[in-house]
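First the structure, in the form of structure tokens, and then the observations on it.
All chains are named by letter (A, B, ...) in the order of the sequence lines, taking the proteins before the strands, and each is independently numbered beginning at 1.
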Number of protein chains: 2
Amino acid sequence: MTLNNNMNYKSEKEFLNQYDAKEFESPLVTVDLCIFTLIENDLKVLMVKRSSFPEKGKLALPGGFIDLNSDSSIEETALRKLLNKTGVKSPYLEQVSTIGNKSRDPRGWSVTTLYFALLPYVDVIGANEFGDEVKWLSMEDVAINSMAFDHKELIHLARKRLSNKVSYTDIGFHVLPQKFTLSQLQKAFEILMDHKLEKKSFRRRMMAADLVQELDEVSAERGRPAALYQAKSKQPYFFARSL
Amino acid sequence: MTLNNNMNYKSEKEFLNQYDAKEFESPLVTVDLCIFTLIENDLKVLMVKRSSFPEKGKLALPGGFIDLNSDSSIEETALRKLLNKTGVKSPYLEQVSTIGNKSRDPRGWSVTTLYFALLPYVDVIGANEFGDEVKWLSMEDVAINSMAFDHKELIHLARKRLSNKVSYTDIGFHVLPQKFTLSQLQKAFEILMDHKLEKKSFRRRMMAADLVQELDEVSAERGRPAALYQAKSKQPYFFARSL
DNA sequence: CGAATAGTGTCTCTCAGACAGTATGAA
DNA sequence: TTCATACTGTCTGAGAGACACTATTCG
């Protein structure tokens with residue numbers, strides 16, 4: 001407490017020269033990611049099997065410590081973790097919340113900033129650079145598996161934010177491939193929101209909001225072929241009334 | 001890097017016994033508060049004049065380091081800071097965002113979790129326990145004063161979240177005293193949202209949402225006396241359409 | 001033709017917006 | 001009576017919800 005007792009310094013420069021960042025005890029700081037995608041109309045979260053202590057062997061969210069030398073912001077930490085687990089560079093990424101308390105990590109007082117990401121489906125290699133096993137877990141499996149730290153709660157936090165936000169913005173587009181049909185779009189929104197939608201209203205609103213661009217192609221499955229569209233949105237869009 | 005290289009440990013317990021939290025370089029971690037109130041129909045933010053380095057003499061948001069011994073969560077840190085600057089124990093408090101990067105604090109890589117609070121007006125004592133000067137600053141003064149660290153940006157972040165959230169929830173009630181008239185309520189919403197509202201619609205919606213309880217008292221100023229109301233809300237309320 | 005899926009027409013009901021009109025106090 | 005502010009009545013238009021209807025493919 002003596003070194004940083006800065007009443008004695010005459011200038012900011014002098015103070016900073018003497019400053020020792022290690023003097024105050026500080027918590028562990030991590031960034032965790034809840035990466036969502038849709039695989040065959042099923043919502044999935046990316047999970048990692050921990051290969052080292054603590055919580056070795058358990059499922060956990062991708063994430064970890066900030067690298068003070070290479071990361072210049074926590075957002076960058078999040079993007080780095082996401083890139084090396086999925087190979088994706090520019091997903092939809094949003095900060096959910098920061099959870100900090102003394103009981104969530106057995107190593108001591110710990111703070112984590114939770115992000116969620118939304119991606120079109122990508123195949124994950126199965127193992128990342130540390131040899132941890134990486135896989136897409138469905139929400140049903142999230143419910144029944146035990147998880148490291150408070151990660152199950154983190155997933156629920158992110159899931160809630162996701163449902164909510166999908167219902168009044170256009171972020172739902174981010175789980176789809178470049179080209180999609182309006183039925184696929186609606187289905188995606190329904191799953192993300194966990195809420196059925198009326199076909200006519202949905203289409204009316206997408207058109208009114210001018211969010212999609214019709215293409216000269218069709219997608220043929222069973223039944224009448226469906227027109228293909230692509231997302232138009234430049235800016236994130238907010239609906240005046242929720243869906 | 002040798003001590004925490006945990007491949008060598010046989011059990012979680014053994015690992016934790018050997019774990020040294022100081023081995024990884026970690027960022028500075030703080031909590032900052034943007035405490036809003038309304039004084040005579042003017043939006044104010046609580047500011048502190050820093051009495052010590054760094055940024056000595058500049059205006060800053062109340063906040064500071066987590067006390068790992070006495071705080072059991074970051075929310076508690078926020079409440080503690082709020083209590084000792086304002087004397088208020090249970091305000092409306094919401095986490096806005098966590099900002100972390102290597103340039104925001106001259107001492108080095110720094111992470112802050114920003115909260116905003118909403119209070120009915122309270123007189124602040126003028127100086128808090130560290131002898132820092134504490135005062136309510138109007139938003140116009142926020143614009144023209146220079147501030148410590150990135151605190152001006154933090155205020156703008158919090159201000160934006162506030163406007164937004166007021167427009168689709170009932171949090172605006174928290175800046176009013178226990179008893180208030182509907183005109184006062186509407187005025188408060190208008191200032192917080194920075195957006196005029198239609199009188200009839202506003203009243204219709206408050207009634208429809210069942211958010212207020214009429215009292216048997218009136219408030220007499222100029223003109224016709226107005227009925228006094230009190231807030232009914234038990235749960236936070238979300239409007240289906242924004243105001 | 002029927003099954004399956006895409007896409008439209010249109011009625012109804014809710015509710016925000018606008019704004020004029022009425023009520024009740026003080027000077 | 002005038003003014004200031006509180007409060008209400010009521011018309012209009014936008015748009016969500018419901019749901020039946022038509023369209024286009026495959027077998």
Side-chain angles (χ1 to χ4, degrees), chain A residues 40-41 164 166-170 172 176-177 179-191 193-231 237-243, chain B residues 40-41 163-164 166-170 172 176-177 179-191 193-230 237-243:
Chain A
E40 287 169 3
N41 290 332
N164 239 304
V166 167
S167 76
Y168 64 91
T169 68
D170 64 347
L176 293 173
K179 300 174 183 182
F180 49 84
T181 68
L182 292 182
S183 298
Q184 285 164 2
L185 181 65
Q186 181 178 340
K187 191 75 193 172
F189 269 75
E190 289 178 345
I191 295 167
M193 294 169 58
D194 194 22
H195 186 301
K196 276 271 181 191
L197 294 169
E198 205 55 43
K199 182 164 57 171
K200 189 62 198 290
S201 302
F202 182 76
R203 290 161 115 94
R204 219 171 11 205
R205 293 182 70 160
M206 289 299 145
M207 294 312 176
D210 193 33
L211 289 174
V212 291
Q213 169 73 59
E214 188 168 355
L215 302 173
D216 275 337
E217 296 171 73
V218 290
S219 151
E221 307 263 312
R222 271 171 307 286
R224 173 172 171 179
L228 283 169
Y229 289 80
Q230 66 186 14
Y237 184 84
F238 290 76
F239 295 105
R241 313 195 196 180
S242 18
L243 292 167
Chain B
E40 287 168 5
N41 290 334
S163 311
N164 239 304
V166 168
S167 76
Y168 64 91
T169 67
D170 64 346
L176 293 173
K179 299 173 183 183
F180 50 83
T181 68
L182 292 182
S183 298
Q184 285 163 3
L185 181 65
Q186 180 177 342
K187 192 76 195 171
F189 270 76
E190 288 178 346
I191 294 166
M193 294 169 58
D194 193 22
H195 185 301
K196 276 270 182 193
L197 294 169
E198 204 55 42
K199 181 161 59 170
K200 189 61 199 292
S201 301
F202 182 76
R203 291 160 115 95
R204 220 172 9 205
R205 294 183 67 159
M206 290 298 146
M207 293 312 176
D210 194 32
L211 289 174
V212 291
Q213 169 73 58
E214 188 167 359
L215 302 172
D216 275 338
E217 296 171 73
V218 291
S219 153
E221 305 265 312
R222 270 172 309 287
R224 174 174 168 179
L228 282 168
Y229 289 79
Q230 67 187 13
Y237 184 84
F238 291 76
F239 294 106
R241 313 194 196 181
S242 17
L243 292 168

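- Counting heavy atoms from C-beta on, the side chains of B:M207 and B:L182 come closer than 4.5 Å.
- Here CG of B:L197 is found 9.5 Å from OG of B:S167. Values are rounded to the nearest 0.5 Å.
- Rounded to an integer number of Å, the gap from CZ of A:R203 to C1' of C:dT10 is 17 Å.
- Shown here are the ring pair (Phe, Tyr, Trp, His ring centres under 6.0 Å) partners of A:Y229, two or more places apart in sequence or in another chain: there are none.
- Within 4.0 Å (heavy atoms only), B:A227 reaches sugar-phosphate atoms of the nucleic acid but no base atom.
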Contact state string [nucleotides 17-27 of chain D, B base, S sugar-phosphate only, - no protein heavy atom under 4.0 Å]
BBB---BBB--

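- Here D:dT5 presents its P atom at 17 Å from CG of B:L228, a figure rounded to the nearest Å.
- What separates CZ of B:F202 from P of C:dG17 is a distance of 12 Å, to the nearest Å.
- Taken over five-pair windows at either terminus, the axes of the helix from C:dC1-D:dG27 to C:dA27-D:dT1 are inclined to one another by 10° (rounded to 10 degrees).
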Distance-only criterion, 3.5 Å: show the donor-acceptor pairs between side-chain atoms of residues 210-217 of chain A and protein atoms not counting sequence neighbours.
from: A:D210; atom 1: OD1; to: A:K232; atom 2: NZ; distance (Å): 2.6
from: A:D210; atom 1: OD2; to: A:K232; atom 2: NZ; distance (Å): 3.4
from: A:E217; atom 1: OE1; to: A:K179; atom 2: NZ; distance (Å): 3.4
from: A:E217; atom 1: OE2; to: A:K179; atom 2: NZ; distance (Å): 2.9

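- The interatomic distance linking A:R241 (CZ) with C:dG17 (P) rounds to 10 Å, in whole Å.
- If you take CG of B:L182 and P of D:dT5, they are 16 Å apart, rounded to a whole angstrom.
- Regarding A:M206, its CE atom lies at a distance of 16 Å from the P atom of C:dA6, rounded to whole Å.
- Taking the side chain as every heavy atom from C-beta outward, B:E190 and B:V166 never approach each other to under 4.5 Å.
- A:A226 comes within 4.0 angstrom of the backbone, heavy atoms only, and of no base.
- For B:R241, the side-chain contact (heavy atoms from CB on, under 4.5 Å) partners are A:R241, B:R205, not counting sequence neighbours.
- Partners of B:S183 under the side-chain contact (heavy atoms from CB on, under 4.5 Å) rule, at least two apart in sequence or in another chain, are B:T181, B:R203.
- The closest side-chain heavy-atom distance from B:I191 to B:N41 is below 4.5 Å.
- Considering every non-hydrogen atom in both A:F189 and A:M206, the closest pair reads CZ-CE, 4.0 Å.
- The separation between B:K196 atom NZ and C:dA18 atom C1' is 15 Å, rounded to whole Å.
- One can place CZ of B:F239 at 10 Å from P of C:dA16, the figure rounded to the nearest angstrom.
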